[in-house]
Amino acid sequence: MTKRIIDTELNEPQRKAVNSVDGPVLIIAGAGSGKTRVITYRIAHMLDRGIPQSAILALTFTNKAAREMETRVKELTRKKLQNLTVCTFHAFGLKILREECELLGYRKNFSIYDETDKVSLIKESLRECRMNPGKVDLYELSQNFSKIKTGLAKWTDSANMEEVHDVYQQGLKIYNAVDFDDLLTIPLELLEKNNDIAEKYRKKFRYIMVDEFQDTSFIQYRMMKLLAGKKDANVCVVGDDDQSIYSWRGANYENILLFEKDFPERIEIKLEQNYRSTSTILDAANGVISHNTGRKEKKLWSRQESGKPVELFYPENESAEADFIASQIRNLIISDDFKYHDFGVLTRTNSLARNIEEAFLAENIPYRVSGGTSFFQRKEIKDIISYLRIIANPDDDVSLLRIINTPRRGIGRITVSQLNEAAKRNHTSIRDALLRMNYAKTHGQQGLFSEKGASTELEEFSAMIDNFRDLMLERKGEPGKPWRLSACLRTLIENIDYWSYLVMEHVRDEKKARWKFSNIEYFIRMIESWETDPDNFDAGLYQWLNRISLITRDDGEDDVKGKVNLSTIHAAKGLEFPVVFIAGAEKGLIPHEKSIGEEEDEGSVEEERRLFYVAITRAREKLYVTSCLQRRRMQNTVSCEPSPFLAEIPQDLIKFHDKGKENEVADDNEAQDFIAQMRAMLE
DNA sequence: CACTACACATGCACG
DNA sequence: ATGTGTAGTG
């Protein structure tokens with residue numbers, strides 16, 4: 001069945017990519033060349049040839065890509081695919097970590113720290129090293145720690161952060177926790193040092209695919225190479241060097257060159273026919289990307305007609321920009337019968353989406369924001385997750401400190417710092433310090449605190465946690481009723497009276513309190529539907545926590561129908577829309593000032609150009625680019641220049657909107673003036 | 001010793 | 001808009 005589809009629906013190189021199942025394969029897939037299609041058909045084809053599901057490992061870059069790939073293969077094969085492994089590198093690392101954790105010195109209830117948890121542990125570590133966390137750029141430090149861990153940097157700076165890093169690492173170990181970097185580095189080290197374990201995984205996964213290969217880091221590359229094992233392994237990587245936009249995360253498109261070196265017998269396939277965009281859009285994209293150096297040779301072409309010109313508009317400020325986008329959407333829906341979900345509005349940063357959101361709300365345009373802080377990052381949800389984590393892993397101090405006095409229960413700063421001291425003295429977790437304290441007390445000694453200390457509150461708190469640990473992990477449900485994690489959690493939230501806490505925190509804003517509480521309710525329902533899913537054979541507290549730890553972005557809701565998609569360019573990778581707006585195409589945003597400011601190297605500007613290229617190539621029929629003349633930054637208004645990349649779009653593809661007359665296109669003379677002005681500005 | 005109110009600075013992309 | 005630090009109160 002699949003064969004017929006392959007023969008009729010694919011072009012020559014695509015067919016070749018799908019049929020080359022054995023041996024190493026490198027696929028260079030230009031934007032819109034049907035990459036996802038090739039990957040899903042390739043997996044379907046492998047299954048057709050009788051390769052067992054369990055022997056296939058498909059590694060992706062985002063959760064969304066993994067989910068999409070899985071559903072598409074499912075649709076294609078109409079099989080259940082219980083044993084097919086399609087996941088992100090991080091999820092795969094976690095899988096190994098879980099399977100081999102006792103060997104690695106972790107208990108199976110380990111916590112996974114996200115960026116926020118990581119930063120609070122770094123703060124703790126700084127304090128312990130008697131440094132002032134307020135004086136350090138925590139975000140930057142956190143990134144440096146990552147670079148050190150993943151081997152992308154060595155200690156050079158004069159500030160002695162090496163000690164802080166050591167304390168941080170010890171902290172993780174004591175708390176039985178890992179960070180996101182560990183999810184990759186620990187499994188890699190394990191496989192590198194234990195050939196028999198590596199061999200076990202090699203035997204299992206005989207066919208490996210890696211999507212978005214240009215965005216893999218060196219660590220991930222080594223992981224893949226190790227799993228492949230030999231230089232004629234069945235490993236297929238798919239990527240496009242022009243779309244490499246994650247170098248700040250350690251991605252290195254030179255992995256493509258490494259692959260060529262490490263797998264000399266590879267077949268190389270180039271997918272260069274673009275099925276997505278009009279040739280105008282494609283030419284615009286090519287015009288921009290051609291300014292980059294050291295690209296892999298490729299010529300994207302399209303059979304489609306030229307289509308509409310790229311429209312460029314210089315709004316007065318960000319609210320004029322938002323109004324313009326909203327009104328264009330309205331107009332196009334009426335004139336060209338587009339639907340709301342045909343529009344994608346892309347911005348460089350999340351914060352830029354705010355203004356546009358407001359305009360959409362005012363104009364009653366339904367929209368969906370992807371990217372931005374995830375549902376799981378919201379304060380109220382993080383609080384509840386911390387309760388779950390501390391129940392699962394009592395040594396998790398970061399979570400403990402978060403909730404020990406949330407809601408207020410009379411355990412204040414001093415008590416907490418005394419506990420912390422005691423724990424640090426013994427190199428243990430706070431939970432351990434608490435146990436010691438209680439032990440001392442029952443044996444008649446005076447514990448940590450004088451008579452009137454917060455010791456009763458502490459006892460009550462730990463008794464409450466212990467009680468729920470019994471309930472959630474020993475699964476002691478009410479007799480006759482099926483045990484449910486969601487039900488236990490509901491009891492817990494009632495027990496701690498989180499609702500009253502929310503009301504207290506937002507006196508004068510009950511709406512907000514209600515909204516936050518409804519988020520919690522939603523969270524509980526998520527657990528409920530997950531644990532009652534008949535396909536879920538492994539529903540438990542640890543599983544749930546692991547699962548949500550890997551979701552860092554809101555890409556869950558798939559009711560995309562009927563909504564304008566508002567997202568960052570990064571989050572839009574892999575998506576396409578009939579109409580695309582690129583908002584805020586200004587110097588300092590694209591390219592982002594951080595990439596030019598610190599003259600790190602020419603490379604970062606090239607990455608920003610690739611980012612712009614990715615944005616352009618999301619469009620199928622029509623592309624709008626807006627660049628504000630002024631924009632509010634923090635408190636004050638600053639004037640802006642258009643992005644230098646705009647001048648790299650071939651001019652004859654552009655139509656200019658006259659400022660002020662939003663819905664009219666300026667005549668050609670005026671357009672030429674604009675170009676001349678812009679040129680002059682850039683010179 | 002805990003809690004509240006108020007002043008203060010700060011804000012990129014993703015797993 | 002958000003979290004963090006500080007001073008004053010019960």
Side-chain angles (χ1 to χ4, degrees), chain A residues 59-66 87-94 112-116 118-120 123 132-135 137-140 143 146 150 178-184 212 215-217 219-220 244-251 346-354 370-374 376-379 382 402 405 407-418 449-450 452-455 457 504-505 507-509 512 548-555 567-574 584 588-595 597 604 607-608 610-611 614-615 632-635:
Chain A
L59 294 166
T60 62
F61 189 64
T62 60
N63 291 308
K64 192 168 63 183
C87 61
T88 62
F89 270 98
H90 287 86
F92 183 68
L94 172 61
I112 301 166
Y113 282 178
D114 66 16
E115 204 58 33
T116 324
K118 184 181 176 187
V119 166
S120 47
K123 262 191 215 162
N132 183 1
K135 289 225 156 85
D137 183 341
L138 290 165
Y139 185 78
E140 194 191 331
Q143 281 203 317
S146 286
T150 52
V178 296
D179 63 19
F180 274 122
D181 298 315
D182 291 332
L183 290 179
L184 301 175
E212 305 286 8
D215 285 327
T216 52
S217 64
I219 296 276
Q220 291 167 333
S244 165
I245 54 175
Y246 282 97
S247 73
W248 48 273
R249 233 182 89 173
L346 312 185
T347 54
R348 172 68 233 259
T349 63
N350 265 313
S351 50
L352 294 180
R354 271 247 75 91
S370 59
T373 40
S374 141
F376 300 101
Q377 309 263 38
R378 293 185 187 162
K379 190 188 172 309
K382 279 226 80 165
R402 188 184 177 96
N405 204 28
R408 313 249 128 80
R409 50 172 71 86
I411 304 173
R413 243 191 334 268
I414 306 289
T415 311
V416 170
S417 76
Q418 277 174 320
F449 303 102
S450 51
K452 279 254 149 109
S455 66
E457 283 85 357
M504 291 236 306
E505 286 292 286
V507 271
R508 278 179 216 292
D509 196 354
K512 197 166 186 178
I548 61 172
S549 296
L550 295 176
I551 306 172
T552 55
R553 211 179 64 200
D554 258 328
D555 48 24
S567 90
T568 63
I569 302 174
H570 283 92
K573 189 154 85 144
L589 287 169
I590 316 177
H592 201 273
E593 56 202 345
K594 296 236 162 138
S595 73
S604 45
E607 171 144 325
E608 296 287 316
R610 289 193 292 270
L611 195 55
V614 168
R632 281 183 65 95
R633 305 261 290 179
M634 315 243 191
Q635 267 74 322

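All chains are named by letter (A, B, ...) in the order of the sequence lines, taking the proteins before the strands, and each is independently numbered beginning at 1.
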Got a list of protein N/O to nucleotides 3-5 of chain C N/O distances below 3.5 Å?
unit_1, atom_1, unit_2, atom_2, d
C:dT4, OP1, A:Lys123, NZ, 2.6

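Judged by ring centres under 5.5 Å apart and planes tilted less than 30 degrees, A:His570 fails to stack against the six-membered base ring of B:dC14.
Nucleic acid contact class of A:Phe89 (heavy atoms, under 4.0 Å, all strands): none. Contact annotation for A:Asp114: no contact, since no heavy-atom pair falls under 4.0 Å across all strands. Heavy atoms of A:Asp181 sit under 4.0 angstrom from at least one base atom. Among the heavy atoms of the strands lying under 4.0 Å from A:Gln143 is at least one base atom, whether or not backbone atoms are also near. If you check every strand for non-hydrogen atoms under 4.0 Å, A:Lys512 touches sugar and phosphate atoms only. Nucleic acid contact for A:Thr88: sugar-phosphate only, since backbone atoms but no base atoms lie under 4.0 Å from a heavy atom of the residue.
One can place OH of A:Tyr139 at 6 Å from P of B:dC12, the figure rounded to the nearest angstrom. Regarding A:Lys382, its NZ atom lies at a distance of 16 Å from the P atom of C:dT2, rounded to whole Å. When rounded to the nearest whole Å, the span between CD of A:Glu457 and C1' of B:dC3 equals 14 Å. For the pair A:Glu115 CD and B:dG11 P, the interatomic distance rounds to 14 Å; values are reported in whole Å. Here B:dG15 presents its P atom at 11 Å from CD of A:Gln377, a figure rounded to the nearest Å. The interatomic distance linking A:Glu607 (CD) with B:dC14 (C1') rounds to 12 Å, in whole Å. If you measure from atom OH of A:Tyr246 to atom P of B:dG15, you get 6 Å, rounded to the nearest angstrom. Look at CD on A:Glu505: it is 13 Å from C1' on C:dT2, rounded to the nearest Å.
Not counting sequence neighbours, the partners of A:Asn405 by the side chain to side chain contact (heavy atoms under 4.5 Å, CB included) test are A:Arg408, A:Arg409, A:Ile411. Every residue meeting the side chain to side chain donor-acceptor pair (under 3.5 Å) condition with A:Glu115, not counting sequence neighbours, appears here in chain and number order: A:Ser142. Partners of A:Tyr246 by ring-ring contact (aromatic ring centres under 6.0 Å, His included), not counting sequence neighbours, listed by chain and number: A:Phe61, A:Trp248, A:His570. Qualifying ring-ring contact (aromatic ring centres under 6.0 Å, His included) partners for A:Phe92, counting only residues two or more places apart in sequence or in other chains: A:Phe205. In this structure, the side chain to side chain donor-acceptor pair (under 3.5 Å) partners of A:Ser351, at least two apart in sequence or on a different chain, are A:Thr349.
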(Q) Would A:Ser146 and A:Lys118 count as a side-chain hydrogen bond (donor to acceptor under 3.5 Å, both in side chains) here? Give the steps. (A) CA-CA 11 Å; A:Ser146 286; A:Lys118 184 181 176 187; 2.9 Å; yes
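No hydrogens or angles were tested; on distance alone, nothing pairs the side chain of A:Arg408 with the base of B:dC3 as donor and acceptor under 3.5 Å.
Put simply, CG on A:Leu184 and OG1 on A:Thr150 are 9.0 Å apart, with the number rounded to the nearest 0.5 Å.
When the nucleotides B:dG15, B:dA2, B:dC12 are ranked by their closest atom to the side chain of A:Thr349, B:dC12 comes out on top. Side chain of A:Asn350, nearest nucleotide from B:dC1, B:dG15, B:dC14: B:dC14. Here the side chain of A:Asn405 is nearest to one of B:dC1, B:dA13, B:dC3, namely B:dC3. Picking from B:dC12, B:dT4, B:dC1 the nucleotide with the shortest atom distance to the side chain of A:Arg348 gives B:dC12. For A:His592, the side-chain atoms get nearest to B:dC12 when compared with the rest of B:dC14, B:dG15, B:dC12. Of the candidate nucleotides B:dC1, B:dG15, B:dC3, B:dC1 has the atom nearest to the side chain of A:Gln418. Comparing B:dT4, B:dG15, B:dA2 by their nearest atom to the side chain of A:Met504 picks out B:dT4. Each of B:dC1, B:dC14, B:dG15 was ranked by its minimum atom distance to the side chain of A:Ile414; first place goes to B:dC1.
Between A:Thr568 and B:dC14 there is a side-chain N or O to OP1 or OP2 distance below 4.0 Å.
Although no hydrogens or angles enter the test, the distance criterion places no donor-acceptor pair under 3.5 Å between the side chain of A:Thr216 and the main chain of A:Glu212. Within the 3.5 Å criterion, the main-chain N or O of A:Ser244 finds a donor-acceptor partner in the side chain of A:Arg610.
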